[in-house]
Structure formats: C-alpha cells, structure tokens
Amino acid sequence: MIDPKNIRNIAIIAHVDHGKTTLVDELLKAAGTFRDNQVVEERVMDSMDLEREKGITIKAKNTSILWDDKVINIVDTPGHADFGAEVERVMKMVDGVLLVVDAYEGPQAQTRFVLRKALQQGLNPLVVINKIDRENADVAACHDKVLELFMELEATDEQFNAPFLYASARDGYAMRELGDARDSLVPLIETVLDKVPSPEVQLEGEFQMLVSNIGWDDYVGRIAIGRIQQGQVETGDQVYVVGKDGKRTRAKITKVFEYSGLGVSQSATGVAGNIVGIAGFEEVDIGVTICGGLETPGLPFVEIDPATIQMEFAINDGPYAGKEGKYVTSRQIRDRLDRETRTNISIQVEDAEKGGTFRVSARGSMQIAVLVEQMRREGFEVLVSRPTVITKRDADGKLLEPYETIYLEVPEECVGGVMSALNNRRGRMDDMKPTGFGTMIEATISTRGLIGFEFELVNLTSGRGIMSHLFKEYAPFAGEITTRVTGTLVSMETGVTTAYSLAAIEERGKLFVGPSEKVYLGQIVGENPRGDDLPVNPIKEKHLTNHRSSGDGKGIQLSPPTRFSLERAIEYLADDEFLDATPETLRLRKRVLCPHERRRIARGKKTA
C-alpha cells in the first residue's frame, strides 16, 4: 500500500503546441516506463486519432511514473480554450501544476486561461521554459513575461516565487540554471518531488472521492476516475453515489484501477491521495461524489465557465441522406449527443422547436467541430448550422453578448488589412507592438464578430497570421456585424457535375466542387463575388450535333476547387445555410433546398 506522503499529483498546462505532451513522453522515458528496445510513438498521450492529426490535446488524460519509492501522477490537459472544461475539472485532482511556456512565444492566451484557473484553486506552479534550443529563443524575456503574468493574475507571494526550469522536451533535458549540464530530465523530476506537496487527505474515515473524469472499459463499463480524498476502497465494497441534487444511489465496486505508464493495472485497494479508477456503476457522471457511508457528505465541484456559443444539429433531409452513414435518425443523433454530455461537461443539449433539430451549446466552434468530426468517423450523418452567440439581459433589461480578447501575430505588411477587418467586425484595439517576425496585436471583439475571422485572417496574411483568443466578459450588444460580403452559387439540379457546365459557372465565381462529383438541388457549389445567391446548373452536358464531335471541348481547364476543412466550413456558413456532414463528404447547402420555397420565405420577411 502506498503512503500518501510518497504521492505527487500534478497537471501539465500550456498553450497549444508549446510541447507539454512531448514533455510527458520524455518523463515516461526518463522514469524507465519503456524497454530499451521498445518502439514508442511520438506524443503517446495523444491517444485519439483527431489529437494525432491536429497535433493538439483534446481530452484530459492521466498517467503516472514511479521514481524510487514515490509515485508522480501526471494529468495531461488540453491547451485550447475551447476545451477549458477539461482543465477546470482536473484541478480538483491535483496539488500542483507544471506550466510549460515556449521560450520564443512566451505566455499566450490559453496559458493565461489555464493558469488563472490553477491559481484560483490555490495550486502552486512550477514553470518550465521549453524549447530553449529554438532559433530566436529569448529565455530572459520569457522569464519576465511569466512573472508579469503572475502579477496580472494576482498570484500570492508563494505562487509568484515559483521555481523556474529550462528545458528542451524534444531533446529530453531540463536544467535548474542555464549553465547546467544538458543530459536528462532528472532535475525536473526532483523539483516536482521537492516543491509539489503531497495530497492533504485523511487516511481514516469513510471512503470519499470526487469524480473528475470518466473512462470506459469493454468488460466493466463506465469507470469513475478521481483522487481519493478520504479513506480507502477495495473491490467488493458497497458505496453510495451522491448526485449533484443530493440523491444517493447504492453501488458495488467491481474493479479498482491504478494508472502506471501508459497502462492501467488492477489493484486490490485504492488509498487516500492516489488517482484511481473504480468500476461498478450503471450511471455515474463527472462532478458526483462516491462515498462509503450514508451520512458521508458530498464534495464541492469546481465551477465551470458557461457556454458562449450555440449551434443547431439536425437530421439529414437531403436527397443523398443515408447513402454514406449508418446513423441518420433523430433518436440516434440525440442519443449520441446525450452520451457526449456525460463525459464533456461544458456541452449542453436541448431540443429545438422544429422536430429532429437539437441546440448544442459549447465554449467555442472548435469544440463543436471536434464533436462533429468524431460523429462523422463513427458513421453519423448530421446537418450543422452556423454558430450563434448566447446572449443575456442585465438587471435593466439591456441585451448583453460575450466578448473575447484576441491575440494576433501578423507580418508587418499585413497590419493594415487586418486592422480594417477587425474594425469591420467592431473590434477595439487594446495594444500593438512589434515582435521579431512582425506585429503583435491585442484587441477586444465580440464572439459574434470573431466567427469566421480566422478564415479571413488566413487570406489576409497568406497563411502567415497566428491567432488565439480568450473569453473576457459579457458586455452590451455591439450592433449589426457583417462577416461575409459574398453570395453563393446554388445548384438548381440534382446529379453529377460536368466539366462543360463548371467551365461556364467558373466565370461567375469561385468553385467549391470539381467535375464528376454528386451534387443536389440547393447545394452550394461555389462563391458569388456579389452579395446575392445565384442559381446555376452544374450538371448540364454538352450535347452532340452534326457540327460538334464527341471529342470537342475535351481540353477544358478548370481551376482547382476550394476545399473546406470542417472548421472552415462551419465558419463560412451564413444564417440560412447548413453544413451537410457525412462520413465521406462535407457539403455546404441551403437550409431550404427548394428555390421557390426560399423565394416565398424571403418575400414573407420583406413584408413583415
């Protein structure tokens, strides 16, 4: 049995792509988790396919390393603010945080977000300035920026005096001072053991644990993961699940799991202070307390920031519905969304007025885009709307909407265009300063104005602009914002596109489809430079006559069509459009496919 004094629970927090998952890899190697001849993938903690493809952490995951007779439980958290709830809920499991900062970029928007959450919980940070071997790395400036951030976030004296280490996670070394030997991560492990306190728990008394994460096992079902706050638990124990409403449900523990390296091992006993998984529940959710006695009180759960955007999910009612996916009914879509809310506490689902349509609220469009991509890969077909912001009213009845702080790094020659775009979206500049590779802009903009801005930034900076954003506050409504000035080219037929018809359509605008692709009535096949929607026929064939041979016109040269990623497609949508997401294709379409019905609705709006 492990002595709680030999346990250290720590979360690793950082901005996207600052190297925390790579650092976890190297810590596992330094602790001898892998055999010398074992083939190990990069970023082993990124277990989801989407995480590997995007290079970001989406779900918080935990592992542990053994060092002499001590156990260090490590929780790898997401660095993107849209997945901030993953960070917030693990703060109750840990006793310290490892803040990883890029030596060149310094603390970024998401660093600020996750660090604020950690400091509010009273956790003491350890700072690792990573990538010190990177070209143009400025370690001294990065050190000062982190201290400025601590002051800005009102850190206590103890938090402000956090130890600093200097590392290159990729090369597997860390140093207490810049002149030290660059040979291993041992200094980092020793600092964690010295500076992170052991968990403050009670060995005696009834078992008590707050569920901070949910796992799944094909044999035992749902696994409740959390840190044992009091007592201990064994296989076969009778426990009570205390819901958020105070209701108690009895259950029997069937398995106790401990986390070591990349694996999960069964344990006879879970002791106070350790992070364990326990099974034996039909239903268990994040935020509930599992305790051993009827009178044992529930533990308070960390307050989660509210959702700021909302999107509609609807059943696919297009002509090609059911031809690519396995799950297409409203019941199947609702079940899948309900399942997501059990493990992702920042997502909320409610029924819309129209049948077969659901409103999904989340922290950002990136979070919902990841959910849609997961559903596609599982075989779902679903229609997704443009994101809309969740508004509120203050005590005086004034309409409020969410605002965000946006951080941009753009080339100097693109500053004018970016500033103009921010102004058009009713953004307000707070700060602007030159950096080594361009200009850093900090501005305040409504979440509504931010939707679709990333797509515009890519075009304005030829892909060289870097953007991150962070929720700031609810403030008075900003007024009308125009985020897309172009119209669309809408198919007026269902069938297969031809090069002959697309060549004529290309003169009218930019194409989203190529030849020999299936399209349907009401699908958006291109962009119209003017602001209105133009009906086109992309399936028209070139008929043969006595004057034209079958080979005539075969030399048609079309420009490559614009292909949207899922996130870009969602940002591009207008209010009267849907994204048709299936396992094989992404199609933009009108909400109402019939052109006569669309005209009737438009006339009704004008008379109203």
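Just so you know, these numbers come straight off a predicted model, no measurement behind them. In what follows, residues are counted from 1 in the order of the sequence shown.
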**Residues Asn528 and Asp533: side-chain donor-acceptor under 3.5 angstrom** = no

**Prompt:** Of the non-hydrogen atoms in Met432 and Val415, which two are nearest, and what is the gap between them?
**Reply:** SD-CG1, 4.0 Å

**Message:** Here's one to test your reading of the geometry: is the NZ or CZ of Lys472 within 45 degrees of the ring axis of Tyr403 and under 6.0 Å from its centre?
**Reply:** no

**Message:** Can you confirm whether the side chains of Glu527 and Tyr572 place a donor and an acceptor under 3.5 Å from each other?
**Reply:** yes

**Request:** Please name the residue in the list Lys354, Arg591, Arg589, Lys590 that meets the salt bridge (Lys or Arg N to Asp or Glu O under 4.0 Å) test with Asp317.
**Result:** Arg589

**Request:** First locate atom NZ of Lys392, then atom CD of Glu401, and finally report the distance between them rounded to the nearest 0.5 Å.
**Result:** 12.5 Å

**Item:** Any side-chain donor near an acceptor of the partner, Asp580 and Tyr520, under 3.5 Å
**Value:** yes

**Message:** Distance to the ring centre below 6.0 angstrom and angle to the axis at most 45 degrees; does that hold for Lys518 and Tyr320?
**Reply:** yes

**Asked** Would you say Arg563 has more than 12 foreign heavy atoms packed within less than 6.0 Å of its CZ?
**Response** yes

**Asked** Taking the side chain as C-beta and beyond, is there a heavy-atom pair between Phe358 and Leu337 under 4.5 Å?
**Response** yes

**Asked** Mind checking whether Leu593 and Pro319 have side chains closer than 4.5 Å, heavy atoms only?
**Response** yes

**Prompt:** Quick one: is the NZ or CZ of Arg222 closer than 6.0 Å to the six-membered ring centre of Phe281, and within 45° of its axis?
**Reply:** no

**Request:** Report the distance from atom CG of Leu579 to atom CZ of Phe313, rounding to the nearest 0.5 Å.
**Result:** 9.5 Å

**Message:** Before you tell me yes or no, could you show the steps for Val100 and Ile13 under side-chain contact (heavy atoms from CB on, under 4.5 Å), namely the whole-Å CA-CA distance, both residues' side-chain angles and the distance that decides it to 0.1 Å?
**Reply:** CA-CA 6 Å; Val100 182; Ile13 57 178; over 6 Å; no

**Asked** Is a side-chain donor or acceptor of Ser385 paired with a backbone partner of Glu312 at a separation under 3.5 angstrom?
**Response** yes

**Prompt:** Any luck finding a side-chain donor-acceptor pair between Thr388 and Gln310 under 3.5 Å?
**Reply:** no

**Request:** Dump the intermediate steps for side-chain contact (heavy atoms from CB on, under 4.5 Å) on Gln367 and Leu371, then the final yes or no.
**Result:** CA-CA 7 Å; Gln367 188 180 23; Leu371 172 59; over 6 Å; no

**Request:** Please examine the side chains of Val382 and Ile315, heavy atoms only from C-beta on, and report whether any two atoms are closer than 4.5 Å.
**Result:** no

**Message:** Would you say Glu404 and Thr447 are linked by a side-chain donor-acceptor pair, where the criterion is simply a distance under 3.5 Å?
**Reply:** yes

**Asked** When you look at Val410 and Leu457, which way does the side-chain contact (heavy atoms from CB on, under 4.5 Å) test go after all the steps?
**Response** CA-CA 9 Å; Val410 297; Leu457 180 69; 4.0 Å; yes

**Request:** Tell me, with the steps shown, if Ile441 and Thr439 meet side-chain contact (heavy atoms from CB on, under 4.5 Å).
**Result:** CA-CA 6 Å; Ile441 299 171; Thr439 303; 4.2 Å; yes

**Message:** Below 30° counts as parallel, above 60° as perpendicular, anything between as tilted: where do the rings of Phe512 and Phe564 land?
**Reply:** perpendicular

**Asked** Looking only at side chains, do Thr582 and Glu324 share a donor and an acceptor under 3.5 Å apart?
**Response** yes

**Request:** Side-chain contact test, heavy atoms from C-beta onward, threshold under 4.5 Å: evaluate it for Ile505 versus Pro538 and give yes or no.
**Result:** yes

**Glu473, CD: over 12 other non-hydrogen atoms inside 6.0 angstrom** = yes

**Ser361 and Ile347, any side-chain heavy atoms less than 4.5 Å apart** = no

**Request:** Please examine the side chains of Gln332 and Arg336, heavy atoms only from C-beta on, and report whether any two atoms are closer than 4.5 Å.
**Result:** no

**Message:** Heavy-atom count check: over 12 atoms from other residues, nucleotides or ligands less than 6.0 Å from Glu350 CD?
**Reply:** yes

**Message:** Are the side chains of Leu511 and Thr562 in contact, using a 4.5 Å heavy-atom criterion?
**Reply:** no

**Verdict with supporting geometry, Tyr327 and Phe380, ring pair (Phe, Tyr, Trp, His ring centres under 6.0 Å)** = CA-CA 5 Å; Tyr327 310 111; Phe380 283 86; 4.8 Å; yes

**Prompt:** Would you call Val513 and Gln523 a side-chain contact if the rule is heavy atoms closer than 4.5 Å?
**Reply:** yes

**Asked** Got more than 12 heavy atoms from elsewhere within 6.0 Å of CD, Glu442?
**Response** yes

